[in-house]
Amino acid sequence: MEVRTRFAPSPTGYLHIGGARTALFNWLFARHHKGKFILRIEDTDVARSTDESTQAILDGMQWLGLDYDEGPYFQSKRFDLYREHAYKLLETGKAYKCYCTAEELEQRRKDALAQGKPPKYDGRCKSQGSGARGQGSNDKSFAIRFKVSPGTTLVKDIIKSNVAFDNNEIDDLIILRSDGTPTYNLCVVVDDATMKITHVIRGDDHLNNTPKQILLYEAFGYPLPIFAHLPMILGSDKTRLSKRHGATSVMAYKEMGYMPHALVNYLARLGWSHGDQEIFTIEELTEKFSLENVGKSSGVFNPEKLLWLNHHYIKESKPYDMAKLLEPFLEAKGYAVGTIHELSLPNVVKTVQERSKTFVEMADAVEFYFKEDVVYEEKAAQKFLTSEVLEIFEIITSKLDNLPDFTQKAIEDIFNSIINEKNIKLGKIAQPVRIALTGGTVSPGIFEVIENLGREKTIERLKKAIVFIKQKGSFST
RNA sequence: GGUCCCAUCGUCUAGAGGCCUAGGACGGAGCCCUCUCAAGGCUUAAACACGGGUUCGAAUCCCGUUGGGACCGCCA
């Protein structure tokens, strides 16, 4: 039988980390079994659902590379189907009309809670046959409640194994609101059944809903899917992950300069494992993923490890590919990529890959190559751009000017000859040159900087530094 | 409050009764390398929540305690 999984977010916000992992596991499971992955938008709450949220979820999934085979289906377009199902239960006596108003219910719940009692529905509309609560109530609006019969309901779960629920603990749930719109539990069951979903993989915050849903499956006579409830992702304080733990939106990670694959790899390893392996390609993930290796306990989202993975992938990837991904970040800083002189972006990227954890960092790290004017860090200039190095700067300038092959090797030779001649350490001249060329004390290796900057710009910046030193000197004397 | 779930280093985890003096990874510490910063290499600190069983033997099985989490809506 073909495996069919689904991701069913409600469009009331962006795609967050937890949702993304649920989507990923569903996707991996379907891909692993060469089945189908379906996207369904659960927008039955008309008041809270927005098109922007739907779009945000679509964007997030696309960025992560989680493509779907069917959908997106919208529950808001299937209301007739849910209504039919609700009325079928009404006709067969498995559900009943409830004339209590939302306000009454809310008041009773509050009272119960205040008295420390379980906030259960008292079942007052249950015993009366449909419409029996006064004939005049026929034109009164009513909701439809599902009748939960006594007994126990067993949830068979791949991850949590068997969980038994006493039906006494389950309220008669409303399946159709008094305004005629269906509610969550009805919709999921109808959809999962009619969409022939074979494996329901979702967060374990739904575990308590599952017996209700099983009862509905049985009432409709639909076959049960296989359930797998994923442990939650928590924040650093071990409470449910939320905004106050930092970025939880998937797209925020894109903006912060993360690679989608790093997030995917991180999320896959949060709750699932394959021995000691940490690094996975997408292919390995789909090949090795299984629900049996998903852990039972909730996990804390660890941004540092995600950062490490991102850094890892930046280091390991081809400079050309990284240059492509870097471009939007450079543009955001005001550098029009198409027009940044003669510098080869991939070559430049190569010099900063191992020192950039994100593309935001990388954009900062390469900025000095493109800046029109080098701005010196004050303390650095103070310390390193001194009259002592004037002569050396002059020598380097002239030697670079006459260098036949402007290669890293040849540049290094120049420096070596100088330190041999002057009997000084490389650090003595590398650091001043670094300030002159980049403005700061931190940069890629000085020879690769010079090579990538090119003869013209290097000499220009050295000359500028010479002028700077001379001016500084004339000031102090 | 009720119901349900969970419990190995700070964090993610390996571990399916003897292979465990508990392994890996992130993060931390130290050393090496070194033109700065990184990267890299090496070393190191750090955990089976607690108490009872079962067993020749338990991180692994059972029970309890404690701790954490989720859910109890005419939200999804």
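In the text below, chain A, chain B and the rest are named by the order of the sequence lines, each starting its count at 1.
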Identity of whatever pairs with U21(B) - Watson-Crick or G-U, under 3.5 angstrom: none

Proximity to the side chain of Asp45(A) - top-ranked nucleotide from C26(B), G69(B), A76(B): A76(B)

Given G24(B), C4(B), G10(B), the nucleotide with the shortest approach to the side chain of Lys305(A): G24(B)

Gln382(A), CD: over 12 other non-hydrogen atoms inside 6.0 angstrom: no

Closest to side chain of Lys315(A), choosing from A70(B), A39(B), C75(B): A39(B)

Among C37(B), C74(B), U3(B), the nucleotide that comes nearest once only the side chain of Glu169(A) is considered: U3(B)

Paired nucleotide for A58(B) [Watson-Crick or G-U wobble; both distances under 3.5 Å]: none

Aromatic ring pairing His261(A)/Tyr313(A), orientation class (parallel under 30°, perpendicular over 60°, tilted between): tilted

Sugar-phosphate, base or nothing in reach of Thr44(A), heavy atoms under 4.0 Å: sugar-phosphate

Length of the line joining His206(A):NE2 and C75(B):P, which is rounded to integer Å: 16 Å

C37(B) base / Ser443(A) side chain donor-acceptor hit below 3.5 Å: no

Rounded distance in Å between the P positions of G41(B) and U21(B): 29 Å

Sidechain-backbone polar pair: Gln353(A) side chain, Ile314(A) backbone, donor-acceptor under 3.5 Å: yes

Of the listed nucleotides C4(B), U13(B), C74(B), the one nearest the side chain of Ala143(A): C74(B)

Rounded distance in Å - CG (Asp204(A)) to P (A76(B)): 20 Å

Side chain Glu354(A) and base G40(B) donor-acceptor under 3.5 Å: no

Lys/Arg N to Asp/Glu carboxylate O, Arg355(A) vs Glu361(A), below 4.0 Å: no

Sugar-phosphate only, base, or nothing, as touched by His229(A) at under 4.0 Å among non-hydrogen atoms: nothing

C74(B) OP1/OP2 closer than 4.0 Å to side-chain N/O of Arg109(A): yes

Whole-Å gap separating C1' (C75(B)) and CG (Asp179(A)): 13 Å

Separation of C72(B) C1' from Asp166(A) CG (nearest whole Å): 14 Å

Sugar-phosphate, base or nothing in reach of Glu42(A), heavy atoms under 4.0 Å: sugar-phosphate

Residue Lys296(A), side-chain heavy atoms: nucleotide from C6(B), C12(B), U11(B) that is nearest: C6(B)

Rounded interatomic separation in angstrom, taking NE2 from His311(A) and C1' from G27(B): 14 Å

Touch class at under 4.0 angstrom, heavy-atom based, for Leu270(A) against every strand present: sugar-phosphate

Within 6.0 angstrom of Lys88(A) NZ, more than 12 heavy atoms from elsewhere: yes

Atom NZ of Lys428(A) with >12 non-hydrogen neighbours under 6.0 angstrom: no

Closest to side chain of Trp308(A), choosing from A14(B), A25(B), A70(B): A25(B)

A14(B) and A7(B), which share atom name P, separated by this distance in whole Å: 11 Å

Among G69(B), A76(B), U13(B), the one nearest Leu234(A) by side-chain distance: G69(B)

Among A70(B), A76(B), A38(B), the nucleotide that comes nearest once only the side chain of Arg355(A) is considered: A38(B)

C1'-based separation of G51(B) from G67(B) [nearest Å]: 15 Å

Nucleotide nearest Thr239(A) when distance is taken to its side chain, options U36(B), G69(B), A7(B): G69(B)

hbond_proxy Asn209(A) side chain to A76(B) base (donor-acceptor, 3.5 Å cutoff): yes

A46(B) - base-pair partner by Watson-Crick or wobble geometry, distances under 3.5 Å: none

Between U13(B) and A59(B) - C1' atom distance, rounded Å: 14 Å

Nucleotide U36(B), atom C1' - distance to CZ of Arg434(A) in whole Å: 4 Å

Heavy-atom side-chain proximity of Leu400(A) to Leu462(A) below 4.5 angstrom: yes

Touch class at under 4.0 angstrom, heavy-atom based, for Pro444(A) against every strand present: base

Pair partner, U36(B) [Watson-Crick or wobble, under 3.5 Å]: none

Sugar-phosphate only, base, or nothing, as touched by Phe447(A) at under 4.0 Å among non-hydrogen atoms: base

Any strand: nucleotide that pairs with G67(B) via Watson-Crick or wobble, under 3.5 Å: C6(B)

